[in-house]
Amino acid sequence: MSDGLRVALTFDAEHPDRPLCPGGNVDRVLDALHAAAARATFFVQARWATAHPEAAARIAREGHLVGHHSKFHARMTLLSDDGLRADVREGEEEIRATTGADPRPWFRCPFGDGHDDERVLSTLGGLGYRNVFWHVVLEDWEPWRSPDDLRADAVAGAIAHGDGAVVLLHTWPAPTAEALAGMLEDLAAAGARFVGVDELEPELLP
């Protein structure tokens with residue numbers, strides 16, 4: 001990895017649906033980022049933000065980029081155009097209210113569903129959003145993924161992709177919080193510079 005290569009760590013902040021999700025995990029993630037002076041992007045689910053307003057506000061307060069991860073975390077392709085618009089508009093209001101930040105134009109489809117669907121993308125575009133997919137997926141939601149696995153695979157994946165690697169992570173798995181300090185250390189040692197997705201040229205975004 002060459003000097004100054006940009007890596008965008010992105011975290012989906014949402015209600016967990018798997019094991020290994022201790023309370024306060026998002027604060028441990030934020031602590032690790034703060035200690036490393038690393039900026040990241042958080043795609044915030046609106047219902048999560050309203051349930052955890054202090055954590056949601058901390059994300060923005062500490063300088064991280066806030067994006068939109070829907071209100072209900074439904075699969076976008078299953079929603080009608082009107083349903084999709086309602087989800088995004090209502091979610092935007094709640095994200096603004098809890099974080100104090102405008103999530104536009106950054107959106108991430110829950111489960112990645114709809115990232116390549118013209119109808120979904122067109123509807124999002126009409127609301128002022130563009131979807132951000134990922135280059136490196138670590139499957140940190142799977143209970144068998146250890147902190148060492150996540151740490152090693154993040155570095156290998158970012159190196160394999162090159163400049164502008166967008167890495168998918170989540171705020172709630174305990175192994176993600178446990179791995180993050182070492183992940184940041186190893187990536188920095190390999191020459192990485194941590195950026196929000198707003199610091200990448202549009203053509204580099206997936």
Side-chain angles (χ1 to χ4, degrees), residues 6-15 26 29-30 33 38-50 52-53 55-77 79 81 83-138 140 154 158 161 163-172 176 192-206:
R6 295 166 296 178
V7 174
L9 298 178
T10 67
F11 295 84
D12 290 357
E14 64 198 25
H15 289 295
V26 64
V29 167
L30 288 165
L33 292 168
R39 184 170 184 251
T41 301
F42 287 77
F43 290 98
V44 176
Q45 180 198 359
R47 289 189 70 199
W48 175 85
T50 58
H52 304 280
R58 182 183 172 189
I59 289 169
R61 185 173 65 248
E62 297 192 355
H64 301 294
L65 181 65
V66 174
H68 195 329
H69 195 43
S70 82
K71 177 173 181 174
F72 292 106
H73 206 259
R75 293 183 180 274
M76 296 287 100
T77 57
L79 299 180
D81 290 354
L84 198 159
R85 291 188 190 98
D87 181 280
V88 174
R89 287 173 175 150
E90 292 174 16
E92 181 182 310
E93 291 179 4
E94 293 171 11
I95 292 166
R96 284 174 181 267
T98 50
T99 68
D102 184 353
R104 292 177 301 172
W106 312 110
F107 192 89
R108 173 166 285 162
C109 291
F111 312 102
D113 181 65
H115 81 277
D116 56 355
D117 184 288
E118 291 184 7
R119 180 185 67 88
V120 170
L121 298 179
S122 176
T123 304
L124 289 173
L127 296 167
Y129 288 93
R130 64 155 297 165
N131 185 67
V132 179
F133 198 52
W134 50 79
H135 300 116
V136 181
V137 56
L138 304 178
D140 62 338
H161 180 270
D163 185 41
V166 176
V167 181
L168 171 64
L169 292 159
H170 295 77
T171 56
W172 52 267
T176 300
R193 180 164 58 92
F194 303 106
V195 300
V197 298
D198 59 338
E199 298 173 77
L200 299 176
E201 293 81 1
E203 61 270 17
L204 292 181
L205 291 173

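For the single chain, residues carry numbers from 1 onward in sequence order.
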Got a second to check how far [X]'s [atom1] is from [Y]'s [atom2], nearest 0.5 Å?
X      : Y      : atom1 : atom2 : answer
Arg85  : Leu124 : CZ    : CG    : 10.5 Å
Thr171 : Leu30  : OG1   : CG    : 8.5 Å
Leu205 : Glu201 : CG    : CD    : 8.5 Å
Thr123 : Leu84  : OG1   : CG    : 5.5 Å
Arg119 : Asp81  : CZ    : CG    : 5.0 Å
Thr10  : Leu169 : OG1   : CG    : 6.5 Å

Could you pull out all residues at least two apart from Glu90 that satisfy side chain to side chain donor-acceptor pair (under 3.5 Å)?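 Here the qualifying residues are Lys71.
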Side chain to side chain donor-acceptor pair (under 3.5 Å) with Arg61: which residues, sequence neighbours excluded?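 Here no residue qualifies.
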Applying salt bridge (charged side-chain N to carboxylate O under 4.0 Å, His left out), run through Glu92 and Arg96 and close with a yes or a no. CA-CA 6 Å; Glu92 181 182 310; Arg96 284 174 181 267; 3.2 Å; yes
Run the ring pair (Phe, Tyr, Trp, His ring centres under 6.0 Å) test against [X] and tell me which residues pass, sequence neighbours left out.
X      : value
His161 : His135
Tyr129 : His68, Phe107
Phe133 : His115

Are Arg75 and Pro110 close enough that some pair of their side-chain heavy atoms sits under 4.5 Å apart? no
Side chain to side chain, Val26 and Arg58, heavy atoms closer than 4.5 Å: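 Not in contact.
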Just by distance, do the side chain of [X] and the backbone of [Y] share a donor-acceptor pair under 3.5 Å?
X      : Y      : answer
Arg6   : Asp163 : no
Arg39  : Gly63  : yes
Asn131 : Cys109 : yes
Thr41  : Val197 : yes

Go through it in stages, so that I can follow the logic: the residues are Glu199 and Leu65, the test is side-chain contact (heavy atoms from CB on, under 4.5 Å), and I'd like the CA-CA distance, side-chain angles, deciding distance and then a yes or no. CA-CA 10 Å; Glu199 298 173 77; Leu65 181 65; over 6 Å; no
Quick one: closest heavy-atom pair of [X] and [Y], and the distance?
X      : Y      : value
Ala60  : Ala101 : CB-CB, 4.2 Å
Val136 : Ala158 : CG2-N, 4.0 Å
Ala154 : Leu138 : N-CD2, 3.6 Å
Pro206 : Val166 : CD-CG2, 3.7 Å
Trp48  : Ala55  : CH2-CB, 4.0 Å
Ile95  : Gly67  : CD1-O, 4.3 Å

Can you tell me if Asp117 and Thr77 form a side-chain donor-acceptor pair at under 3.5 Å? no
Side-chain donor-acceptor pair present, Glu14, His69, cut-off under 3.5 Å: yes
Tell me which one of Phe11, Phe42, Phe194, Phe43 satisfies ring-ring contact (aromatic ring centres under 6.0 Å, His included) with His64.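 Of the listed options, the one satisfying the test is Phe42.
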Are His73 and Arg47 close enough, and set up right, to give a side-chain contact (heavy atoms from CB on, under 4.5 Å), and what steps lead you there? CA-CA 9 Å; His73 206 259; Arg47 289 189 70 199; over 6 Å; no
Holding to salt bridge (Lys or Arg N to Asp or Glu O under 4.0 Å), I want the full list of residues that pass it with Glu118, two or more places apart in sequence or in another chain. none
